[in-house]
Every structure is written in C-alpha cells, then in structure tokens.
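Notes follow the structure.
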Amino acid sequence: MSWEGVIPSEEVIAATEELLKTAEKVGADTWQQRVRNQTPHCGFGESGTCCRICSMGPCRISKKAPRGICGCDVHGIVARNYLRFTAGGAATHSDHGRSIAHTLYKSSPDSDYKVKDEEKLLRIAKEWEIETEGRDIYDVAHDVALAGLNEYGKPFGTQRFLKRAPLLRQQIWESQDISPRAIDREVSQSMHMTHMGCSSDPEALVRQALRAGLSDGWGGSMMGTEFSDILFGTPKPIDTEANIGVMEEDMVNIIVHGHDPSLSEMIVFYANDPEMIALAKEQGAKGINIAGVCCTSNEVAMRHGIPMAGNFLAQENVVLTGACEAIVVDVQCIFPALGPLSKCFHTKFITTSHIAKIPDSEFIEFDEANAGENAKKIIRLAIMNFKNRDPELVNIPKQKSKATVGYSVEAIKKCLDGVTNSHVDELGTMKPLVDAVKSGVIRGAVAMVGCNNPKIRPDSFHVDLMKRLLENDILVVVSGCSAQAAAKVGLMDKEAAKYCGEGLKRVCRLVDIPPVLHMGSCVDISRMMVLASDIAKDWGIEISEIPLVGCAPEWMSEKAVSIGNYVVATGIDTFLGVDPYTKGSDQVRGFLQSGIKDWVGANFIVNNDIDMLTTMMIEHIEEKREALGI
Ligand code: MSK
C-alpha cells in the first residue's frame, strides 16, 4: 500500500535534525541529548524491583538478596510500585477534573466562565437527579458542580457515572469488589496499602490498581471531560492543521501547552480581541497565532480549530524554531527543560498554576477570578516580545497537514445519523456503526491513546500501527498525543480514507469522516468508555465482547498507567508498547497479562515489537468476531 499523501517518517526525522542544529548553535540542551546521558537505565528500576518506600533501604531484589529488609518479596515490591504508579496517574487526572468542577461552580453570566452547553448540563443534572424545573441555569450548574466535587470525598457509595456502563459491567465491578468509591479515597487508600508494613500480596495490590484506575476513568476524568463540555462546548467536527509548520514566521506565536482548558480558552478568546490584534500589528507582526502542544492543544483544537504544533516530544521543537514568543503552560507533561531552553532564545516561558511551578519561568497565576485580565497580560507580553526575535535563529520546518477533529460521542452519533436517518432519540444511536461491524465492512475498532516515549522514535509506533489497522478495515479512535501523531502526518485528513481497506474507505466516504477520529485529550479517554458502553448497549452484548481493543504504543506517564487500568477494567484488552516496570515479577505480570481476564474479561498485552503488536491486535479483533459468530 502506498501512503504517498502522508508525511513520511524520513521527512519528520529530517525536520527534527534541522532544529537540533539550532539547539547546538545556541548551546541548548535537548531531550535527545539527555536520553544519551541517562542510558543505560537502571536495571532494578526498569524491572520494578527497587523499593524505597521506607528508609531502611533502598532495597534492590536480586538472586543474592531475594527479599527487602522488611521481608517483602519481589512480587510485593513490583506490585506496590505498580499501584503507586497508578495512584499518581489517577490523582493527576482527577485533580484536573476537580479544577474544572471548581471552574463550573464559579461560572456566572457576568464572569469569564459561562455555561456554553446547557443541554449537556441539564442532561447530567437529570442523570444525577438534580432538580432543573423552572430553575436558573447557573443554579443548576452550581448544584451539578457541587455534586461533582462531593464525588471526591463522599463517605459512602460509589461513583455516580458508573451507572452509564451496561448493567452487566456494573455487576462485574461489584462482584470483583472494584467499584470505585470516593476518588480521593481510592488514591489515598492506594498510598496506605503500599505504605511499609501494609499490603504485599500482589493480587490485592493489582485489584486496588484497577479500582483506583476506575475512579479516574469513570470519576475524575469523566467529570473533567463533561464539565469542560458544559463550560466550553461539546466538540463537533472542525477543520484545523497540525505539525510544526503551523507556526507562522510573520506572526506573534503563542504556544499553549499542558492539559487544563480553562487557561487556553481565555488565551484563544482574547487573542481575537481587536485591541490585541492592533497591538501585534503595531509591533510589526501580521497578527497573533495561537497553536498548541499536548492535550491543551487537543482541547482547543477540538473546540476552536486551533492548530496543533506538536505532541509531547515536540514541546522543545516549538522553542527551537526561534519563532515562539511565548510558551504558556498549565499542568502536566511540561518539561522543566523548557526553562533553560527558552533562555537560549527570546521565548517567554510562562507558568500559570501552583501545581506546575518550574524554575526559569515567569509565573502569572491564573484562576477563575483573574482569568480574562491575566490572559490579556500574557498575550501582551508575547506581543511585546515579537521584536526580540533573533532572525538568524528563525527556522520553521514547512511540515503541516490538514485535519478534521472534534469527534465527541455526540458528534460521532450525529455523523452516523446524518447518513442513515436512524435517529431514535435526541442522543442518537451507535446502531449504524454496529451494523457496519456486524456485516464485516468494518472489522472492528482500536482506541489508540497515550504519549510519546524516547524509548521509541517519536510517533513511529502510533503511525505505523494506524496505517496497518486502516489497511485492514479497522477504525481507529484516538486521543492525547496519539491523536496529534496521526494529525501531524495527515491521517486525520478526510482524504486519507483513500489509503484504507475497501470497507472502511466506503464508510469514511459515506459518513464523511477521516479514518482516524480525534476524540480529544487524555482525560477524554472517558469519552471512549462511554462510546464502548453505548455500542455494547445498542448491540446487546457485553463490552468485552466488542471487536474493540485499546492500545498505548508509546506511553510514558503515570496517567497512562491509570488509564490502562480503567480501560482493561472496563473490559477492553489493552496493548502496550512499553512495559510498566513489571518485568521483575512473574506473578504481577501474570495477573496483568492474564489473571485479571477472569476478573474483568480483559487484560494487558505487552510487546515492544510493533509488527507483532499490530498482528496480535488484528488477530484479537478477528477472534472476537469469531466468538460473536460474525
Ligand atoms: S499529553 S499524558 S504525553 S498523551 Fe495528555 Fe500526551 Fe501522555 Fe501527556
């Protein structure tokens, strides 16, 4: 199959090499160099067999020393590390959700934050049995936000959103004792269980990892997604562009980076202010160009069509273009390296959250009360910095691709309704998609998520996998940095349908969608959980029976481990290209890669050979079809 319209990896590598030459010229440190400095990695750390939970150690497990000083064996140590890894991710995603809930609570008609999707607000209020009849919309918003905030610390009961799952899935969670209770409780109990002198039984620790993960995916992340939609609008298909070439040589370039859309929404809004545009022109620029990196980018691309400059491992590249007036960050996935790196250029590195305070940055605190004012302050700083560019250092690689993004669950249903007129209620149905899968026109779907990891040439696993899946008539839904990997090379261009297998090509053309559907940021993997639930309900089968698998080929963060746990616990087999530091224990690997299938109907598959991983995914989908008799 020829993919001549998609940017080839050699061109991507060549563009990065060019930027690295600039880094060398200004004496800047880059992740590529730091990887060399850190190689080889510590074998104990890599296999998860180092314990530094108390100060008797650190203890490292080897043949000579099979137990730590407390007597914990390798299985307990690996499992404790794995649970702490998960808890870190669950806490991070969920705290993001909490912060959006606070923003919703403070929304009002005369503040910077207003309710944009009233329909979704009312739907959630109804779902949560909050009175809506005859009430002011902001009173409802405050009650929904308050109820959401209480999900973090309620003394009794389980997460409200669990009821969105098919009944059978809810029963599995109940019977396995992994229905997540208060979100903060699951995180803090994970820390308690892993404290010195508590759990060392790998089974109990893995079970809690699933539960903590579920508190993220069906709790904190789901609130992050839903409340963001209420405040900023539920995404619908919108055209944009992606890759480093979206930076503009003659404009003030402001990069938004991180995860929380509260800040970037304000930046995007005020960058369109005529007063700001006039100021940029006064300074000799043609205007203001906002572009994004990481999941903040996904958020504003999905809602406003803001171009995506790159994903996780491209964050230094935007500064290396020499044309970045400001890189404005909120929380998560931000390299501390941006501090010293931006000092080698004219770039202003602006941090905005107490959660992500980084040396060598300018801190402009951002909260609901000062949002508009501080967004304007940041934009002004960037504009006034335009004249400080060193033209000698400006080099923006020409690469960019067209992309159509914004496929929330609601948008996917609407696209399907548009073709089949199968509209059954105001929320639509997944039935046309189910029919296409049943008939074999589409063989199945892969939910591709996760980061870049320097252990893998950036984006190569994501892109190679996607190409092969598309050729095999497998629909790909994506989020996070995986989404940007696809968009950067052109796989979200509707034209890319021509490279797919005949069946998928037909569906894409008929429904007018690209073959890779952008579902959002990493908290938006919760959208995929709702999608899978709706498919299962409309099909009348259990989630684990759907010809659907999850995949995180280049993951690196704790958040990704938490995601993996809730995706698997939702019944979706998940393929990883990087091991989550579990190689040291055959028991822990045994649970994660096989044993938990008996609990939740799905497990992890880990393989760093991309061809094998793809083949196994395709086989898995075909096996599920066979089991369903389709
Ligand atoms: S930004 S968690 S590198 S997906 Fe969500 Fe990308 Fe992974 Fe961060």
Side-chain angles (χ1 to χ4, degrees), residues 31 85-86 88-97 99-100 213 216-217 220-221 224-225 228 242 255-264 291-302 306 308-318 327-338 353 355-356 405 447-456 458-463 465-466 476-488 516 518-528 550-567 574 576-578 580:
W31 66 260
F85 215 167
T86 307
T92 305
H93 267 161
S94 298
D95 209 35
H96 168 170
S99 151
I100 302 287
D216 163 3
S221 272
T225 294
S228 293
I255 299 292
V256 287
H257 173 19
H259 284 76
D260 186 335
S262 310
L263 160 77
S264 46
V293 165
C294 275
C295 282
T296 289
S297 174
N298 289 321
E299 298 277 0
V300 286
M302 296 259 289
I306 295 297
M308 300 181 277
N311 42 359
F312 178 61
L313 283 181
Q315 60 185 286
E316 293 178 352
N317 289 2
V318 293
I327 181 160
V328 190
V329 301
D330 47 83
V331 291
Q332 303 166 22
C333 301
I334 302 148
F335 273 166
L338 290 177
S353 167
I355 293 167
V405 301
M448 190 102 85
V449 304
C451 329
N452 298 128
N453 186 321
K455 289 178 176 156
I456 293 151
D459 300 343
S460 62
F461 274 20
H462 289 294
V463 173
L465 259 162
M466 286 178 204
V476 180
V477 295
V478 285
S479 73
C481 289
S482 184
Q484 290 162 340
K488 277 159 66 181
V516 177
H518 190 315
M519 292 193 76
S521 62
C522 37
V523 291
D524 291 340
I525 294 166
S526 62
R527 295 190 201 277
M528 296 177 178
C551 180
E554 302 182 27
W555 74 273
M556 63 85 203
S557 80
E558 289 173 322
K559 289 180 291 174
V561 182
S562 175
I563 292 165
N565 279 291
Y566 75 69
V567 173
T574 297
L576 306 177
V578 180

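Any value given below was found using the heavy atoms of this structure, including those in side chains, with hydrogens, waters and symmetry copies removed. Just so you know, ligand 1 is whichever comes first in the structure, and atom 1 is the first atom listed for that ligand.
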**Asked** Is a side-chain donor or acceptor of Asn565 paired with a backbone partner of Gly213 at a separation under 3.5 angstrom?
**Response** no

**Message:** Can you name the atoms of ligand 1, numbered from 1 with element, that are less than 4.0 Å from a heavy atom of Cys522?
**Reply:** 2 (S), 5 (Fe)

**Message:** As an exercise, identify every atom of ligand 1 less than 4.0 angstrom from a heavy atom of Cys294.
**Reply:** 1 (S)

**Prompt:** In the protein, which heavy atom is nearest to atom 8 (Fe) of ligand 1, and how far is it?
**Reply:** Cys333 SG, 2.2 Å

**Fill in**
When rounded to the nearest 0.5 Å, the distance separating CD1 of Ile100 from CG of Asp260 is 4.0 Å

**Prompt:** Can you list the steps and then say if Asp330 with His259 is a side chain to side chain contact (heavy atoms under 4.5 Å, CB included)?
**Reply:** CA-CA 7 Å; Asp330 47 83; His259 284 76; 4.1 Å; yes

**Asked** Which one holds for Cys481 and ligand 1: side chain close, backbone close, both close, or neither close, with close meaning a heavy atom under 4.0 Å?
**Response** both

**Message:** Counting only heavy atoms closer than 4.0 Å, does ligand 1 sit against the backbone of Gln332, its side chain, both, or neither?
**Reply:** neither

**Message:** Which residue and atom name correspond to the protein heavy atom nearest atom 1 (S) of ligand 1, and how close is it?
**Reply:** His259 NE2, 3.1 Å

**Request:** Check each atom of ligand 1 against the heavy atoms of Met556 and keep those under 4.0 Å away; list them by number with element.
**Result:** 3 (S)

**Asked** Is a donor on one side and an acceptor on the other found under 3.5 Å between the side chain of Gln315 and the backbone of Phe335?
**Response** yes

**Prompt:** Closer than 4.0 angstrom: is that true for some heavy atom of Ser557 and an atom of ligand 1?
**Reply:** yes

**Donor-acceptor pair, side chain of His93 and main chain of Gly88, under 3.5 angstrom** = no

**Message:** I need the nearest protein heavy-atom contact for atom 3 (S) of ligand 1: residue, atom name and distance, please.
**Reply:** Cys451 CB, 3.3 Å

**Prompt:** Sub-3.5 Å donor-acceptor pair from the side chain of Ser228 to the main-chain atoms of Gly224, do we have one?
**Reply:** yes

**Prompt:** Hey, which atoms in ligand 1 end up nearer than 4.0 Å to a heavy atom of Phe312?
**Reply:** 3 (S)

**Asked** Any N/O/S atom, backbone or side chain, of Cys295 lying under 2.8 Å from atom 6 (Fe) of ligand 1?
**Response** no

**Message:** Could you check whether any side-chain N or O of Asn452 sits under 3.5 Å from a backbone N or O of Leu313, counting only pairs where one atom can act as donor and the other as acceptor?
**Reply:** yes

**Message:** Would Ala560 count as a contact residue for ligand 1, given that I'm defining contact as a non-hydrogen atom of the residue lying under 4.0 Å from a ligand atom?
**Reply:** no

**Message:** For a quick check under 3.5 Å, do Gln484 and Ser297 share a side-chain donor-acceptor pair by atom type?
**Reply:** yes

